[in-house]
Amino acid sequence: MEAPATGLWKGNAAAGESSSAAGEAAGPRPPVPPVSVAAVLPAGGSGERMGGGTPKQFCALLGRPLISYTVGAMERIAWISDIVVVVSPENIEIMRSILKKYGHNRTVVVQGGMTRHRSIFNGLEIFVNGNCVSPLLKKPEVVIVHDAVRPFVEEDILFKVVMAAKEHGAAGAVRPLVSTVIASSADGCLDHSLDRAKYRASEMPQAFLFDIIHQAYHQCSDYDLDFGTECLHLALKYSKTNAKLIEGPPDLWKVTYKRDLYAADSLIKDTVSQQICLITDMKEDAVQVGFLLHETLKSHVKVVESLSRSLPKNDNHLQNVVSRQCYNFICINDKSSDFQEICQLVETLENTNASVLYSLVIISVHLDILNSASSCNENQSLTKLAKEIKKKNILLYGLIIHYRKDNLMLEETIDSAAALIMALIRERNPVFVGQILEA
Ligand SMILES: Nc1ccn([C@@H]2O[C@H](COP(=O)(O)OP(=O)(O)OP(=O)(O)O)[C@@H](O)[C@H]2O)c(=O)n1
Ligand SMILES: O=C(CO)[C@H](O)[C@H](O)COP(=O)(O)O
């Protein structure tokens, strides 16, 4: 299974996730542009096309606002010095509380305008004049403009648009058109159709030499500010700059309609369910069953770490596992109860701070050779603990695998156990927290 190209995958500098750990997972460090770079994220819209009361940038994906994913994708890039997020006046405090909650320390909030262009203009002004609610930031050589509702932006495309902006003055990501563009005549009939191969959809991110785009915004008309939709066009019209167009990856789409929110949710779930850490503690009898489960899981998901021992406190292994973007922990044992061990795991995971950004899943798997399910008391302890740690964004589930040594059905049982594990880590459904499933 291949990881989707999402801003989440390679780490996030917020809330303690280190970009060095991300670099370790992703191979050699990407290059750094030889210019100072800042970013403006317009987030001042009301999301009319999506409908519903909450502007789409504040809609929750796996419990975390969409905008936090976009800000996180920018903050994990060390060479972007300042990040400005532009929101409507009524959302300034909400935005500040999001930045605080998710540990986005390099981002400031600026008040937006009535249209996207006006919001971007306000965001740029902060590098020249500052204002009463936001500090004056140091003017960068290159500024990135990126819609706050495009959360899956990667360092590679940001680097490319910045380098192209340095050389050409302006640059933007483009994608092939998915439909043909046609023009209608006054009577609503087809007037003409464009040759699709010659056109591109203009996406984000875009980047500009700061003075080029700032001057364009200063010179453009009210009509441009109120009805324009394309920053590259302003750079062309008012700063005589022909932007370089860069073919971007497919995940740059803008969350616009409700269906886009479902797609974003699904992509994030794909990403966080890519890797598991196995923690096993079994006697000889059960080792073979545990091994079979391990092998079956390996055919579905990447096993980043397999620890076959009790967990010491402050386990460094676990710290490393989390910094490699593994958010799923499967504890397999054949004891009547591994409750103490689960408590210890929870404590260690809490110390990593990772659950601020992503829900962490723990599945306590009990291999039950005697076909005698855990006692009622043990189940109640698990359910109680699960309820408590759910508040901390740690989702604990139980799974009992009943098997017999001579069981011809063992393979089938293990397949169904693996399928349950995969469903739990993918769906991360808080409703099932504390439930003990049986395979
Ligand atoms: N006055 C505005 C309007 C839009 N935007 C931002 O520009 C980006 C792209 O705009 P769009 O998808 O059109 O967002 P909305 O205007 O919120 O959506 P809609 O057009 O459906 O109302 C979004 O991040 C949006 O928040 C902004 O900063 N200020
Ligand atoms: O991709 C873009 C090109 O600059 C903009 O995000 C897009 O044009 C914004 O338009 P709208 O606000 O109408 O969705």
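In listed order, ligands and their atoms are each counted from 1.
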Electrostatic pair Lys392:Glu350 at N-O distance under 4.0 angstrom: yes
Non-hydrogen atoms of Thr241 and His168 that approach each other most closely: CG2-O, 3.2 Å
Top protein contact for atom 1 (N) of ligand 1, by heavy-atom distance: Gly113 O, 3.0 Å
Ala43 heavy atom under 4.0 Å from ligand 1: yes
Salt bridge flag under 4.0 Å for residues Asp251 and Arg150: no
Top protein contact for atom 8 (C) of ligand 1, by heavy-atom distance: Asp147 OD1, 3.5 Å
Sub-4.0 Å heavy-atom approach of Thr256 to ligand 1: no
Proximal atoms of ligand 2 relative to Asp147 (non-hydrogen, under 4.0 Å): 5 (C), 6 (O)
Proximity of Thr115 to ligand 1 by residue part, where a heavy atom lies under 4.0 Å: backbone
Under-4.0 Å heavy-atom contact with ligand 1, by part of Ser119 that carries it: side chain
Ligand 1 contact by Ser46, heavy-atom criterion under 4.0 angstrom: yes
Closest candidate by heavy atom, reference atom 8 (O) of ligand 2, pool Thr229, Ile120, Leu252, Leu232: Thr229
Closest non-hydrogen atom pair between Val161 and Ala207, with its separation: O-CB, 3.6 Å
Contact check: Met50 vs ligand 1, nitrogen or oxygen atoms, below 3.5 angstrom: no
Region of His146 engaging ligand 2 - heavy atom pairs below 4.0 Å: neither
Under-4.0 Å salt bridge between Glu154 and Arg76: yes
Shortest protein contact, atom 10 (O) of ligand 1 (heavy atom only): Arg116 CD, 3.9 Å
Side chain proximity check, His104 to Ser68, heavy atoms < 4.5 angstrom: yes
Over 12 foreign heavy atoms within 6.0 Å of CD, Glu48: no
Atoms in ligand 1 flagged as close to Met114, the criterion being non-hydrogen separation under 4.0 Å: 1 (N)
Residues Asp260, Lys56: salt bridge by 4.0 Å N-O rule: no
Contact atoms of ligand 2, heavy-atom distance to Arg150 under 4.0 Å: 1 (O), 2 (C), 5 (C), 6 (O)
Which segment of Arg118 sits under 4.0 Å of ligand 1 when only heavy atoms are counted: neither
Heavy-atom nearest neighbour in the protein, as seen from atom 3 (C) of ligand 1, with distance rounded to 0.1 Å: Gly45 CA, 3.4 Å
Charged N-O contact under 4.0 Å between Lys139 and Asp82: no
Minimum-distance protein heavy atom relative to atom 21 (O) of ligand 1: Arg49 N, 2.8 Å
Met204 neighbourhood, listing ligand 2 atoms whose heavy-atom distance to it stays under 4.0 Å: 4 (O)
Element-labelled atoms of ligand 2 that are located less than 4.0 Å from some non-hydrogen atom of Ser202: 1 (O), 2 (C), 3 (C)
Taking atom 27 (C) of ligand 1 as the reference point, the nearest protein heavy atom with its distance: Gly44 N, 3.1 Å
Atom 17 (O) of ligand 1: the protein heavy-atom neighbour that sits closest, reported with distance to 0.1 Å: Gly47 N, 2.8 Å
Polar contact flag for Val255 and ligand 1 (N/O pairs, less than 3.5 Å): no
For atom 19 (P) of ligand 1, closest protein heavy-atom neighbour: Glu48 N, 3.5 Å
Atoms of ligand 2 close to Arg49 [distance to a heavy atom under 4.0 angstrom, numbered from 1]: 11 (P), 13 (O), 14 (O)
Sub-4.0 Å heavy-atom contact, Lys56 with ligand 1: yes
Per atom 3 (C) of ligand 2, closest listed option by heavy atom (Glu230, Glu203, Arg175): Glu230
